[in-house]
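Input: a single structure, listed below in structure tokens.
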Amino acid sequence: MTNPIFEKLVKDHATRSGFLNAFSTLSALLTEELFKKNKKTSELVEGVNQKNVNQLLEQTKALLDQTEELTITVAFTPNDNDILAISQYVRKNIGNGVMINLKTDPRLLAGAIISKNGFEKDYSWRKKLFEGRKEIADMIKSG
Amino acid sequence: MIAVGQLVLIVALFQHFRHSEPTTIKAAKELEKAEKEGQNIIYSAFKKAKDILGQAELEGIKRASDTQLQAKKFEREYEEKFAQAVADSQKHVDEALNNHLNQTLANFDKRLEETISKLEKDSLFQAQSQLDQAKKSAADFEKSQLDRINNDLVDVVETTIARVLKKKLTVSDQLDSIYEAFNQARAEKFL
């Protein structure tokens, strides 16, 4: 069974925060369209009507909770275009149904820390620099 | 003792006959005669007993004298033998003491020599050990100081690199570094 609301939101939003913002907006629009304007079927999302809208909205939240999520900590604060670029890269290379949760930590310098299902991998430049301490020390010693 | 016994027997016979009642005059004469003879016998016996006693006394004196002489002789011999034994014993003791003293002195010299040698070795070993320890301490200190300086230098270099990177890295560089992280995670089968 497909959920047209979830399909639409997950296609357009790869971040959890973006998904939730869009979900909130779409819920309000659907309520207004179907109950205030008293339309039997929605023009905003195909396959949604007065009878199934509430069930589909509840199901969408449940599906979001079941969706695989990656937490990505980066060194800079990305704007919307940067977030979109990252999302598209993830969707293309990792998986279409994957949600990402972006965090910022400037100490990383560059690269990213990726967390998945409670496991974490550090691919930051801070770590690379730390791992290169010995080489730097050798360089200093050798003059 | 035999003489005294004989004397008692005679006196008893005399008393017996004296108290017997004479029946006739003849009997009285015989009795008188017997009495006289008895007195003679008593006298002889008494004399004989006296002689025996005198002889016995002389024998006793003689024997006592002999015993005294024997005792003095034995005492003199004993003193001589005792003096000889004491002298022999003293001689043995002196010899044993001398031997023991000589042995002890010889052992003492040997042990003194060994102790001095050991002390010399210990002192040399201790001095070498202290020297090694001092060298090691100096080397450790030098190494720790160098390590500290190197660490400080590395910290400075790291901080400088971090500052330069922050200024030099563009958003595009940041995005590329993120994609590179994703690729590495996929290569490690983490994603």
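Predicted model, so just to flag it, every value in this text is computed and none were measured. In what follows, chains are A, B, ... by sequence order, proteins preceding strands, each numbered from 1.
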[X] side-chain N/O to [Y] backbone N/O, donor-acceptor pair under 3.5 Å:
| X | Y | result |
| --- | --- | --- |
| A:N3 | A:L56 | yes |
| A:D12 | A:L9 | no |
| A:S24 | A:N21 | no |

Please say whether more than 12 non-hydrogen atoms of neighbouring residues, nucleotides or ligands are located less than 6.0 Å from [atom1] in [X].
| X | atom1 | result |
| --- | --- | --- |
| B:Q145 | CD | yes |
| B:E113 | CD | no |
| B:R186 | CZ | yes |

Under 4.5 Å from a heavy atom of chain A, the part of [X] involved:
| X | value |
| --- | --- |
| B:V157 | side chain |
| B:L153 | both |
| B:N151 | both |
| B:L191 | both |
| B:E180 | side chain |

With a 4.5 angstrom heavy-atom cut-off, which part of [X] approaches chain B: side chain, backbone, both or neither?
| X | value |
| --- | --- |
| A:V90 | side chain |
| A:N79 | neither |
| A:I94 | side chain |
| A:K134 | neither |
| A:L70 | side chain |
| A:E120 | backbone |

Hey, could you give me the CD/CD distance between A:Q59 and A:Q66, rounded to the nearest 0.5 Å? 9.0 Å

Only one of B:Q130, B:Q128, B:K135, B:K136 forms a side-chain hydrogen bond (donor to acceptor under 3.5 Å, both in side chains) with B:D132, so which one is it? B:Q128

Look at A:N93, A:D122, A:D82 and state which one has the largest set of heavy-atom pairs under 4.5 Å with chain B. A:N93

